[in-house]
Amino acid sequence: MTVPKEYIPHEIEPKWQSAWDMSMYHFNWDGDNRPQYIIDTPPPYPTGNFHIGNSLNWCYIDFVARYKRMRGFNVMFPQGWDCHGLPTEVKVEETHGITKNQVPRMEFRNMCEELTVNNIEKMRKTMMNLGFSIDWSNEFITMDPAYYVKTQKSFVKMFDMERVYQDEHPVNWCPRCETAIAFAEVEYDTRESHLNFLHFDTLEIATSRPELLSACVAVAINPDDERYNGSIGGTVKVPLFGHDVPVIGDKEVDPSFGTGAVMICTFGDKQDVRWWLEHKLPLRKAIDKSGNMTDIAGKYEGMTIAQCKKAIIEDLKSEGYLYDQKPLEQNVGMCWRCKTAIEILSERQWFAKIDQDEILNTADEIQWLPEYMKIRLQNWTNTMEWDWCISRQRIFATPIPVWYCKDCSKVMVAKEEWLPLDPTQIGPKEACECGSTEFEPEEDVLDTWMDSSITALHVSGWLSDHELRLPTQLRPQGHDIIRTWSFYTILRSMALTGKKPWDSILINGMVLGEDGQKMSKSLGNIISPETVIEEHSADAFRQWAAVGGSTGSDIMFRWKDVVSASRFIQKVWSIYRFSMSHLEDYDFNDKDVSGISVNDLPVIDRWLLSKLTKLVKSVTSSMNEYQFDESFKTIRGFTWETVADNYLELVKSRLYGDDADARRAAQYTLHITVDTITRILAPFTPFLAEEMYSQIGSGSVHVQSWPDVNESLIDEDAEREGELIKDIVASVRRYKSEGGMALNAPLKEIEIYGELGDVTDIEGATNSPVKVIVGEPDFEHVPVGVKPNMGIIGPKYRKQAGAIIKILTEENPQKIANQVASGSIVVTVDGEDITLEPEAVMIEKEVVSAGRAVDVLDVSGMVVVIVR
RNA sequence: GGGCCCGUGGUCUAGCCGGUUAUGACAUCGCCUUUACACGGCGGGGAUCAUGAGUUCGAAUCUCAUCGGGCCCA
């Protein structure tokens, strides 16, 4: 078996991609006694572009899925697609040059579905290229009847339990999308505007929205505001429009803002809604669904909001009502998709009840990673004032399975067994209670979050032939959708099953460009995962995802991380190649027999195996905590430094040598090490690991078990001695390097003063004879410094510690050293003698060669003499 | 206005339930073709741990304030 010198990912990655039988990643629904590990994978919106942010998140998921599988879990890593929504509608309108109302509903839907199917296919391709171990047998597509039947049933169930209801209520409205939206879909931004000061009959009021004068239903002032004593309870006439409105008192009015008198319109903002509800004011709708003025606006009817604002200001000026204008910085709510300023309109809509306590209590039962992300959910939950508006006035979404009786207007909600259905296409299977069979279909559709907020239920077998496996174990997602996806999923899971949706939620960060800015088209700093794969490899990309930053925090994309990842792959390959060339005559299946007992191995082998065991232990624990960066950095450090730079150099002489037992010991150790590294690398670099494993094991590495931690391999003595050997060799190497010698240049002799058993590896690695001499060298030790041990002196002497340290470090080191040799150190602080134990200080010594033609190295306190 | 996170060599970062010389990577400089790897090896330089105060024998670490950056919400 020859291993090529270079690792070529562009050949190896596609090779495994097509060779892999993806059924090895399938979840086993029945008769499996492994513990389940179900991941509530985010269903991406099928834009056709699986971007770098998705990729980061999916890398995390894949690390977890592969790791858990190797740890013996029955893992489900499903893949969903959150299809419905406005962007697809807009795209279809663009490509076909139509608007949604120009073609029949079903035809428009079909166009959307076609586009979505194509986009999903493109994104699947990228996912495959990145090597994700997705369980495609559990794929779900929210626009498919198989899925949306569940969305519809969830609607009906929640209606039956009165957690979904219909009502006329103010809602956030996007005039461009012509649909209601939820608070979660409103973004805020500051805009420059003007505060207009108006003579308002007998009062003065200030308003930023004069275009809503026609919708004015009251004027409010603070009852404690003495300027307006006696006004409360009266009425005032609205300028230009002439209708009378009451003057009411409300403590919420800020007397220092504007004139202290504020007009209440239906509706200028959220505060208007609060006042409107509290004071039971009438409703005047001045803005229609497209953002145009209604007949209430009189001569301004049909104008857009902006046109109306301009015209009204002109008229107010010319008629002398407007007496001042001041610039005002305003926070404007906007539609999160199209950035159009939202309006608040009162409409008949469907709502889902929000039980804040239930959400907060459930959130407490879920493990949040990182912990502080829970606060975001809590803050958001606490600010909820209205219920969740779940109806939308669009087409490409899950239909609301409802009709209205033409005779008595009664609402007919579909029976669960009728579902799935589209009420615009078929009627109910029963007559209305009034006897009528004539119905109007509900044309509104459901918020797409109604689809995606049951993913946890769906993947865990809700409403299927399988038993319900809720809660799932992990929800991975971005922090940008905590207020939506997390919030709604908890709400729905509790409402529909009474169970929490997940044991843990893992929040990933956002990906920033190399300039530290958020990746965006306008900044031109977008990097696609495909580009990274082409220029390097999927395994390199995945390493960037692992080490780019700690889980949860935003991470920057950096090409140099990808470059160093590629180098690491090459380094591992090189270690592998070296190992394989020395393992040709070694039987892999023979590792536990063949008369090799770990205790008989040379110390450097035991040193490595001990460190390897600790590595597995440490990686296991950081993987359990989803600390991928820590896990991978630990593996990389060990592989590169401990194995490549130290161990391989130390055992080369044995591997090339004639001593069969010594060689066999190295082979044994090498094999275990390569096997272990291959396995623990598998979750991170699945292609590289598979390629390596294909020659050292049978079957795919991805169905192997995670290495066991064999505590008996941990050998502190071997580690200490091994460390010393490693340090001695490193010192000799440094010595040669500094002396301009070739690293394999033989030295006359190396004398080591101290206790050291086996030195053959030192001889091999230094290419020089080694003599171990027990006892003190006859060189002069010169103490050159005293280092106080703070850990001992500090807690024991507290206030005196400072003074003691001062004395110790300023005293002649030789004097202190003599005291240490005698067993105790006495220092005098403020006339008081304090006796310190010898452990309280470390004496730094320098060894001076007494005239011999040698060089003396000090390796961790041990004297090593180089005889030239 | 409220909440949350964060300021560590040129850049990014570890450490942060206090305790010897502050970790690593990239970059930089010098040396080396050594039978796995020059996509490599060995070595060097480079940090007032944002600023100020406090607690303490001792602070990158704890407390407070200030400044700066980011995110979420109003």
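Naming convention: chains lettered A, B, ... in sequence-line order (proteins, then strands); numbering from 1 in each chain. Quick caveat: nothing in here was measured; it's all calculated off a predicted structure.
At the heavy-atom level, A/Ile569 lies nowhere under 4.0 Å from the strands shown. Residue contacts shown for A/Ala730 are absent, as no nucleic acid heavy atom lies under 4.0 Å away. Across all strands, A/Asp554 comes closer than 4.0 Å to no nucleic acid atom at all (heavy-atom distances). Within the 4.0 angstrom heavy-atom criterion, base atoms lie near A/Glu649. Residue contacts shown for A/Ile575 include a base, since a base heavy atom lies under 4.0 Å away. As judged by a 4.0 angstrom heavy-atom cut-off over every strand, A/Lys5 is placed among residues touching the sugar-phosphate backbone only.
With a 3.5 Å ceiling on both atom-pair distances, B/U35 lacks any Watson-Crick or G-U wobble partner. Searching all strands for a Watson-Crick or G-U wobble partner of B/C42 with both distances below 3.5 Å returns B/G30. Partner assigned to B/U61 is none, using Watson-Crick or G-U wobble distances below 3.5 angstrom. When Watson-Crick and G-U wobble pairs are counted only if both distances are under 3.5 Å, B/A50 pairs with B/U66.
Two rings, from A/Phe568 and A/Phe632, have their centers less than 6.0 Å apart. Less than 6.0 angstrom separates the ring centroid of A/Tyr60 from the ring centroid of A/Phe628.
A/His10 and A/Ile533 make their closest contact through NE2-O, 3.1 Å (heavy atoms, listed as atom of the first residue, atom of the second, distance).
OP1 or OP2 of B/G41 lies within a sub-4.0 Å distance of a side-chain N or O belonging to A/Lys571. For B/G40, the OP1/OP2 oxygens have a side-chain nitrogen or oxygen of A/Arg567 closer than 4.0 Å. For A/Trp640 and B/G41, the shortest distance from a side-chain N or O to OP1 or OP2 is below 4.0 Å.
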Decide salt bridge (charged side-chain N to carboxylate O under 4.0 Å, His left out) for A/Arg274 and A/Asp250; before the verdict, give the C-alpha distance in whole Å, the side-chain angles of both, and the deciding distance to 0.1 Å. CA-CA 11 Å; A/Arg274 290 191 202 111; A/Asp250 194 297; over 6 Å; no
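With a 6.0 Å cutoff to the six-membered ring centre and a 45° limit on the axis angle, A/Lys611 does not count as a cation-pi contact of A/Tyr647.
The distance between atom CZ of A/Phe568 and atom C1' of B/G40, rounded to the nearest whole Å, is 15 Å. In this structure, the CG atom of A/Leu512 is 11 Å from the C1' atom of B/C71, given to the nearest Å. Going from atom CD of A/Gln627 over to atom C1' of B/G15 covers 14 Å, rounded to whole Å. Atom pair A/Phe487:CZ and B/C72:P shows a separation of 18 Å (rounding to whole Å applied). Between A/Tyr576 atom OH and B/C39 atom P there is a gap of 23 Å when expressed in whole angstrom units. Rounded to an integer number of Å, the gap from CD1 of A/Ile793 to C1' of B/G18 is 17 Å. Look at CD1 on A/Ile816: it is 20 Å from P on B/U20, rounded to the nearest Å. If you measure from atom CG of A/Asp480 to atom P of B/C5, you get 19 Å, rounded to the nearest angstrom.
Rounded to the nearest Å, the gap between the C1' atom of B/A47 and that of B/G30 is 22 Å. Nucleotides B/C72 and B/G10 are separated by 33 Å at their C1' atoms, to the nearest Å. As rounded to the nearest Å, B/C12 and B/C6 have C1' atoms that lie 14 Å from one another. Distance noted for atom C1' between B/C39 and B/A50: 38 Å (whole Å). Using P as the reference atom, B/G40 and B/C26 are 9 Å apart when rounded to the nearest Å. B/A60 and B/U48 are spaced 13 Å apart, taking the P atom of each and rounding to whole Å. Taking atom C1' on both nucleotides, B/G69 is separated from B/U51 by 15 Å, rounded to a whole Å. Taking atom P in both B/C5 and B/C17, the straight-line distance is 15 Å, to the nearest Å.
Residue whose closest nucleotide on RNA chain B sits further toward the 5' end, between A/Ser574 and A/Tyr372: A/Tyr372. Ranked by how close their nearest RNA chain B nucleotide is to the 5' end, A/Glu6 and A/Asp629 are led by A/Asp629.
At distances below 3.5 Å, at least one donor-acceptor pair connects side-chain atoms of A/Trp368 with backbone N or O atoms of A/Ala363.
You'll find that the side chain of A/His479 is closest to B/C71, out of B/C71, B/C42, B/C37. Here B/U11 is the nucleotide among B/U11, B/C73, B/C12 with the atom lying nearest to any side-chain atom of A/Lys560. Among B/A25, B/U13, B/A74, the nucleotide with an atom closest to any side-chain atom of A/Glu641 is B/A25.
Classified by interplanar angle (parallel below 30°, tilted 30° to 60°, perpendicular above 60°), the ring pair A/Phe267/A/Trp276 is perpendicular.
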Return all side-chain donor-acceptor pairs below 3.5 angstrom for residues 633-645 of chain A, not counting sequence neighbours, or 'none' if the list is empty.
residue  : atom : partner  : partner atom : Å
A/Thr634 : OG1  : A/Glu630 : O            : 2.6
A/Thr639 : OG1  : A/Ile635 : O            : 2.7

